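Note that the structure is a prediction, hence the values are computed from the model and not measured.
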Amino acid sequence: MPIVLESALNFLHGEQLAHTDENVILALPEWGNTTHIFGQLFVTTYKLVFRVISSEENKLSIPLGSISKIEKVGRKGSKKENSYGFEVYTKNYRQYRFIYNPTKQSRKKLVECLRSLSFYNENEGVPFAFQHGQPTSFINKQSWSIYDFKKEMSRLGVPNQQWRITEINQNFEICPTYPALFSVPAECSDEDCIAASQFRSKGRMQALSWLHKNGASISRCSQPRVGFMGKRSSADENLIRNILMGTVKNKNTIHILDARPRRNAVANQAKGLGYEYDSSYPFAELEFLNIQNIHVVRESLRKICEAYSLNPENDDWLHQAEQSHWLHHVKSVLAGAIRIVRLVRSGTSVLVHCSDGWDRTAQLTSLSMLMLDPYYRTLDGIQVLIEKEWLSFGHKFARRYGHGNANHGDDQRSPVFTQFVDCLWQLTNYFPTSFEFNENFLLIVVEHVTSCLFGTFLSNCEADRLRVRVWHSSKGPIAGTVSDKTRSLWQFISEQKHKFVNALYEPSKQELNMTLSMLHLRLWAKCYSVRPEVLISREVLIWLLLIIKI
């Protein structure tokens, strides 16, 4: 391939050209209208690029990992204008049509190549991150160890008289989706912990997330296995009681914050699960935070992204944006995190869970810890927080974002982590000088959750990341763990740190105290819009519309 073309397509380390088609038309939807652009289509091992011939401009560049669906349109030989080609749907709900001449061109080879590289799980292929990480000398191993569990616990003062580190899960047998090491009440033996884990969904027992200097703690778990019959577990009850007894100030009541709407928790009883009964946990106060599930979040993001494809001068844009309820869902997550902050600040320990403890639970623990602990508001600290509360504790990134999977209709896909980053962006707007990282950092994190350029978000849990696997690439099999064979996103961040630092940052040891109102929330145009510079000016209208609806 000519060096000029390689440079023009902005090739990354390890990227190669896989297929090219000439004389293709891009039907680009823009605000309800469609613009037809004549150019060339390139498939590389990392991205799909449409290049305008007349201006030599890359009009479109889509990481293959962000493609959700590829669908053929029309038939070869069709006489209907602009009817033959294929459509690409992305995971941020964008849709692009590529049109071919039905009598002179064939889409077959390019579509087959695109599907094979985008949906690598279907043919035992390899995500581009493994090619980007070769040779391994290109990988900075230290970037994979930015989060050290024992170092982080030591920073929090653990182990101490109230908390200890347990190794019961070092082989990932007690809970496959939990980290090898986590902290539990010092009074609980390993046998007690194992018994308690059997009473929690997926074995995700109570584990310490954060410890306040006043002795109050934030712990996390999954829902209990109570069912309609109200089953009990003395081990589980004692473990929660010991979390309470480890609290220095308020030893009377621990607050159990169930992220779900109450009706959803009740419905789970039919599956033998549910919520904590008052009679079994008389020392606890249960609260439901009414945060909607992964299916509601997925549909809400789809609607807001579709709204951003409309003309902002059209009243339908305002209506569809409001109908998405996206900001309402963002507000409910932030409200839950603020509730945790206020309880912990008052000296009350909290236990947080949702259904399985890897979606809404991670949102709540992360956001509350950000507000309470200034370390997590630094550029290094936010990386540690994501590694700790999301990656280590088993948020299912591969499943939620469908890495390499052609099943675009999988109902387990959901942008829960994207919603968390949106909440974080709202906090940076409310406290513009309190965060060392800037919006560019948040945007790059959202982008690479789906890109498959780095190994950071490729797996579902710590055990998955540490498992030695054999990946089949065009250059032969690649054997090793994700951290052995891929670059970390944090390596990329550290190499260009100046781009991600907030110029307004003022280091402070203060806890953040947010008064939540719809007036303080904004639609994140730079994240969801194809033309953010136009839509940002319309946000005030969205605020007014949402406020009127409340």
Heavy-atom pair with the smallest gap, counting every atom of Ser183 and Met153: OG-SD, 3.1 Å
Any side-chain to backbone donor/acceptor pair from Gln491 onto Phe138? Under 3.5 Å, distance only. yes
Determine whether Arg220 and Trp210 make a side-chain contact, defined as any pair of heavy atoms from C-beta on separated by less than 4.5 Å. no
Give a yes or no on this: more than 12 heavy atoms of other residues, nucleotides or ligands lie within 6.0 Å of atom NZ of Lys150. no
According to the interplanar angle, ranging from 0 to 90°, do the rings of Phe128 and Tyr46 count as parallel (below 30°), tilted (30 to 60°) or perpendicular (above 60°)? tilted
Thr456 vs His448 side-chain heavy atoms within contact, under 4.5 Å: no
Using modelled atom types and a 3.5 Å cut-off, is there a donor and acceptor pairing between side-chain atoms of Trp425 and backbone atoms of Arg522? no
Answer whether the closest heavy-atom distance between the side chains of Leu60 and Phe98 falls below 4.5 Å. yes
Applying side chain to side chain donor-acceptor pair (under 3.5 Å) between Gln412 and each of Arg400, His295, Arg399, report the one that passes. Arg400
Closest heavy-atom contact between Ser355 and Ser222? O-CB, 3.5 Å
Lys388 to Tyr147 six-membered ring, cation-pi geometry met (6.0 Å, 45°): no
Does the side chain of Gln383 pick up a donor-acceptor pair with the side chain of Glu387 at under 3.5 Å? no
Criterion side chain to side chain donor-acceptor pair (under 3.5 Å) on His520 and Ser517, from CA distance to verdict: CA-CA 5 Å; His520 300 136; Ser517 164; 4.6 Å; no
Using a 3.5 Å distance criterion without hydrogens, assess whether the side chain of Glu306 forms a donor-acceptor pair with backbone atoms of Tyr93. no
Residue pair Asn92 / Val446, side-chain heavy-atom distance below 4.5 Å: no
Could you tell me which non-hydrogen atom of Phe457 sits nearest to which non-hydrogen atom of Phe397, and how far apart they are? O-CB, 3.3 Å
Is there a donor-acceptor pair under 3.5 Å between the side chain of Lys485 and the backbone N or O of Ala129? no
Minimum heavy-atom distance between Pro127 and Leu458, given as atom pair plus value: CG-CD1, 4.0 Å
Would you call the rings of His132 and Phe454 parallel, tilted or perpendicular, taking 30° and 60° as the class edges? perpendicular
Without swapping roles, check the side chain of Ser392 against the backbone of Glu389 for a donor-acceptor pair under 3.5 Å. no
When the ring planes of Trp390 and Phe420 are compared, do they come out parallel, tilted or perpendicular, using 30° and 60° as the limits? tilted
Kindly check if the number of other-residue, nucleotide or ligand heavy atoms within 6.0 Å of CD (Gln510) is above 12? no
I want to check something: taking the side chain as every heavy atom from C-beta on, are Glu439 and Thr428 in contact at a cut-off of under 4.5 Å? no
Taking Thr450 for its side chain and Ser66 for its backbone only, find out whether a donor-acceptor pair lies under 3.5 Å. no
Verify whether one side chain among Arg204 and Thr361 offers a donor that lies under 3.5 Å from an acceptor in the other. no
Whether the Gln363 and Asp359 side chains hold a donor-acceptor pair (N or O, under 3.5 Å, no angle test) is what I'd like checked. no
Backbone of Pro415 reached by a side-chain donor or acceptor of Gln419 within 3.5 Å: no
Contact summary for Gly39 and Phe50, nearest pair of heavy atoms: N-CZ, 3.4 Å
Beyond-backbone contact of Val350 with Val344, side-chain heavy atoms, under 4.5 angstrom: yes
Under a 3.5 Å distance rule, please check whether Arg377 uses its side chain to pair with a backbone N or O of Met371 as donor and acceptor. yes
Looking at Asp373 and Arg155, does any basic side-chain N land under 4.0 Å from a carboxylate oxygen? yes
Does Phe492 have Arg487 sitting over its ring (NZ/CZ under 6.0 Å from centre, angle to axis within 45°)? no
When you compare the side chain of Leu521 with that of Leu516, does any pair of heavy atoms fall below 4.5 Å? yes
Looking at Tyr401, is its backbone amide N or carbonyl O close enough to the side chain of Lys91 to form a donor-acceptor pair, meaning the two atoms are under 3.5 Å apart? yes
When you compare the side chains of Tyr96 and Thr90, does any donor N or O come within less than 3.5 Å of an acceptor on the partner? no
Mark yes or no for whether Asp464, through its side chain, and Ser459, through its backbone, hold a donor-acceptor pair below 3.5 Å. no
Qualifying residue for side chain to side chain contact (heavy atoms under 4.5 Å, CB included) with Val52, from Ile37, Asn58, Leu26: Ile37
How long is the straight-line distance from CG of Leu351 back to CD1 of Ile218, given to the nearest 0.5 Å? 11.0 Å
